[in-house]
Amino acid sequence: MNGAEGGVPDADQVLSQEDIGTLLDGRTTALKSGDEDECLAPFAGKAKETQRKLFRNLRKVPFAEAKYKVILQTGDGTNEYGSDVKLALDVAFVHQVEGVDVHPVSEWYRWTVERQSEAAEPRITEVGGSPSACGSASAVYYPAPWDIYDDMYVKRQPHTVTIAAKKNAADASRFAPIIEQGAKTDLELWESKGPSVANTPKGFLVVLEPDRKTYAKLYNSAGEDIGWDAERYGGEKDELEFGGARIKMDASSGRFTSPSWQCDVADISRHEVAHALVQPDRDVVCTLGVRGSRISFRPVDVSNEPDAVAANDW
């Protein structure tokens with residue numbers, strides 16, 4: 001973690017590195033166990049309610065790993081002038097969707113943490129997306145569907161995880177089997193005819209969103225492909241690798257609403273899955289692949305971190 005230069009030792013700090021570590025570890029443990037009250041305990045005001053929705057949405061996703069890790073700290077945790085302490089923390093939600101991501105990937109948040117005195121408990125008073133990651137606002141991959149939706153529909157199938165707002169569950173449940181079949185067909189063709197490429201995904205996370213404004217907000221990618229070329233979090237330069245793919249589809253488009261919607265959804269599904277399949281073989285491969293939109297993630301090095309959240313029941 002990068003703290004402010006010239007800070008004082010932890011013993012003189014109202015908010016120490018140990019305090020911050022406890023905040024993050026506590027949220028990771030509570031997410032794993034499903035303890036909503038414990039997870040929300042340090043959040044205050046509006047942040048508590050937004051995090052309640054986030055917690056409930058995340059519990060529906062089949063994560064192989066999920067944890068919180070501080071990337072950057074602004075402020076040193078001291079109350080030099082006798083006032084309460086406020087820190088800005090850029091926090092990575094490091095996660096790996098089971099059967100989808102070939103490496104852990106990340107979404108970047110900014111938490112505002114306050115503490116009135118050493119006797120008071122730290123409080124997280126604001127949560128949003130980090131202003132940038134690796135010099136790019138689009139590389140924070142915020143907001144994800146679990147940040148946007150008040151309640152989330154999740155359909156897990158052998159080769160796909162389909163997500164939509166709960167209010168659109170009826171339509172999403174019609175489209176999900178067709179998307180799954182498209183993924184299955186593409187994967188079978190790739191395995192029989194395609195090249196052998198490291199980190200080729202075996203599954204895909206697909207977000208269906210009919211509202212164009214909401215669609216554009218997802219992953220902060222508008223309708224464009226995005227990629228990111230950056231260091232691993234361990235701080236050492238390393239060869240970049242594909243981490244995983246997200247596919248978002250505009251469910252208000254004619255492909256989803258025409259009389260021939262079954263054929264059209266099958267066609268666009270195969271098209272977008274094909275893009276995600278070839279992403280690891282591109283010259284710049286370390287990207288969370290959004291297109292159609294498709295996004296590709298770079299991996300996160302968590303080899304030296306504590307046990308992460310195991311896949312949960314949802």
Side-chain angles (χ1 to χ4, degrees), residues 31 49-66 68 91-101 104-109 127-130 133 137-157 160-176 179-180 183 201 203-226 243-253 256 265 268-269 272-273 276 288-297 309 311-312 314:
L31 178 59
E49 293 312 307
T50 59
Q51 292 301 295
R52 188 185 309 279
K53 295 174 185 177
L54 175 61
F55 175 87
R56 293 176 180 179
N57 284 338
L58 290 177
R59 286 289 299 171
K60 297 179 181 181
V61 181
F63 289 118
E65 295 186 13
Y68 293 96
V91 176
F93 175 52
V94 180
H95 58 283
Q96 184 171 9
V97 179
E98 189 174 41
V100 171
D101 297 326
V105 297
S106 67
E107 176 187 10
W108 286 33
Y109 293 94
V127 177
S130 177
S138 63
V140 303
Y141 300 118
Y142 172 93
W146 42 70
D147 302 298
I148 288 182
Y149 297 142
D150 290 340
D151 194 6
M152 200 164 72
Y153 165 87
V154 179
K155 176 67 173 179
R156 184 179 183 183
Q157 299 176 98
T160 55
V161 175
T162 301
I163 292 177
K166 192 65 173 286
K167 64 183 180 181
N168 299 321
D171 284 340
S173 65
R174 285 192 297 120
F175 301 138
I179 295 169
E180 166 65 20
F204 309 90
L205 189 151
V206 180
V207 185
L208 299 175
E209 176 51 56
D211 180 79
R212 190 66 191 184
K213 289 184 178 179
T214 302
Y215 170 88
K217 289 178 183 177
L218 282 164
Y219 301 109
N220 196 27
S221 67
E224 302 175 356
D225 277 350
I226 57 176
R246 304 291 181 265
I247 298 169
K248 64 177 187 179
M249 298 187 188
D250 180 358
S252 69
S253 72
F256 290 84
V265 171
I268 192 61
S269 297
E272 296 304 338
V273 166
L288 171 67
V290 179
R291 182 192 164 85
S293 187
R294 182 192 72 257
I295 303 175
S296 300
F297 273 121
V309 176
N312 48 52
W314 52 282

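For the numbers below, each heavy atom of this structure counts, side chains included, while hydrogens, waters and symmetry mates do not. Residue numbers run from 1 in the order of the sequence given.
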_Closest heavy-atom pair and its distance - Pro145, Tyr219_ = CD-OH, 3.3 Å

*How many angstroms lie between CD1 in Ile268 and CG in Asp250, if you round to the nearest 0.5 Å?*
10.5 Å

*With Arg174 via side chain to side chain donor-acceptor pair (under 3.5 Å) - residues at least two apart*: Asp171

*asked:* Within the 4.5 Å heavy-atom criterion, are Lys166 and Asp150 side-chain neighbours or not?
replied: no

_Closest heavy-atom pair and its distance - Ala276, Pro201_ = O-CG, 4.1 Å

*Test: Glu180 and Lys155 ion pair at under 4.0 Å*: no

_Expected output: side-chain Asp147 to main-chain Ala144 donor-acceptor under 3.5 Å_ = yes

*Using modelled atom types only, decide if a donor and an acceptor are shared between the side chain of Glu65 and the backbone of Pro104 within a distance under 3.5 Å.*
no

*So, Ser252 side chain and Pro210 main chain: donor-acceptor pair closer than 3.5 Å or not?*
yes

*After noting the C-alpha distance and the side-chain angles of Val105 and His95, does the key distance pass the side chain to side chain contact (heavy atoms under 4.5 Å, CB included) rule?*
CA-CA 5 Å; Val105 297; His95 58 283; 3.8 Å; yes

_Please find the pair of heavy atoms, one from Val140 and one from Ser130, that lie closest to each other, and give the distance._
CG1-O, 3.4 Å

_Contact between Tyr149 and Thr214 at the side-chain level, heavy atoms closer than 4.5 Å - yes or no?_
yes

*Do Val97 and Phe63 touch side chain to side chain, with heavy atoms closer than 4.5 Å?*
yes

*Can you check whether Phe93 reaches Leu31 side chain to side chain, under 4.5 Å on heavy atoms?*
yes

*In sequence, state the C-alpha distance, the side-chain angles, and the governing distance for Thr162 and Phe175, and then conclude on side chain to side chain contact (heavy atoms under 4.5 Å, CB included).*
CA-CA 9 Å; Thr162 301; Phe175 301 138; over 6 Å; no

*Given Arg56, Lys167, Lys60, Lys53, the one that forms side-chain hydrogen bond (donor to acceptor under 3.5 Å, both in side chains) with Asp151*: Lys60

_Test your reading of the model: is there a side-chain donor-acceptor pair from Asn168 to the backbone of Leu208, 3.5 Å cut-off?_
no

*Do the side chains of Val61 and Val161 get nearer than 4.5 Å, heavy atoms only?*
no

*asked:* Measuring from atom CE of Met249 to atom CG of Leu218, what distance do you get when rounded to the nearest 0.5 angstrom?
replied: 13.0 Å

_Ignoring hydrogens, what is the shortest heavy-atom contact between Gln96 and Asp101? Give both atom names and the distance._
NE2-O, 2.9 Å

*Atom pair CZ/CD1 of Arg156 and Ile163 - distance to nearest 0.5 Å*: 12.0 Å

*Would you find a donor on one side and an acceptor on the other, under 3.5 Å apart, between the side chain of Lys248 and the backbone of Tyr215?*
yes

*What are the two closest non-hydrogen atoms of Tyr142 and Trp108, and how far apart are they?*
CB-O, 3.9 Å

*asked:* Looking at every non-hydrogen atom in both residues, tell me the closest pair between Ile179 and Ser269 and how far apart they are.
replied: CG1-OG, 3.3 Å

_Let's go through Val207 and Arg246 carefully: what are the C-alpha distance in whole Å and the side-chain angles of both, what is the deciding distance for side chain to side chain contact (heavy atoms under 4.5 Å, CB included) to 0.1 Å, and is it a yes or a no?_
CA-CA 8 Å; Val207 185; Arg246 304 291 181 265; 5.9 Å; no

*Got a sec, which residues hit salt bridge (charged side-chain N to carboxylate O under 4.0 Å, His left out) with Asp211, two or more places apart in sequence or on another chain?*
none

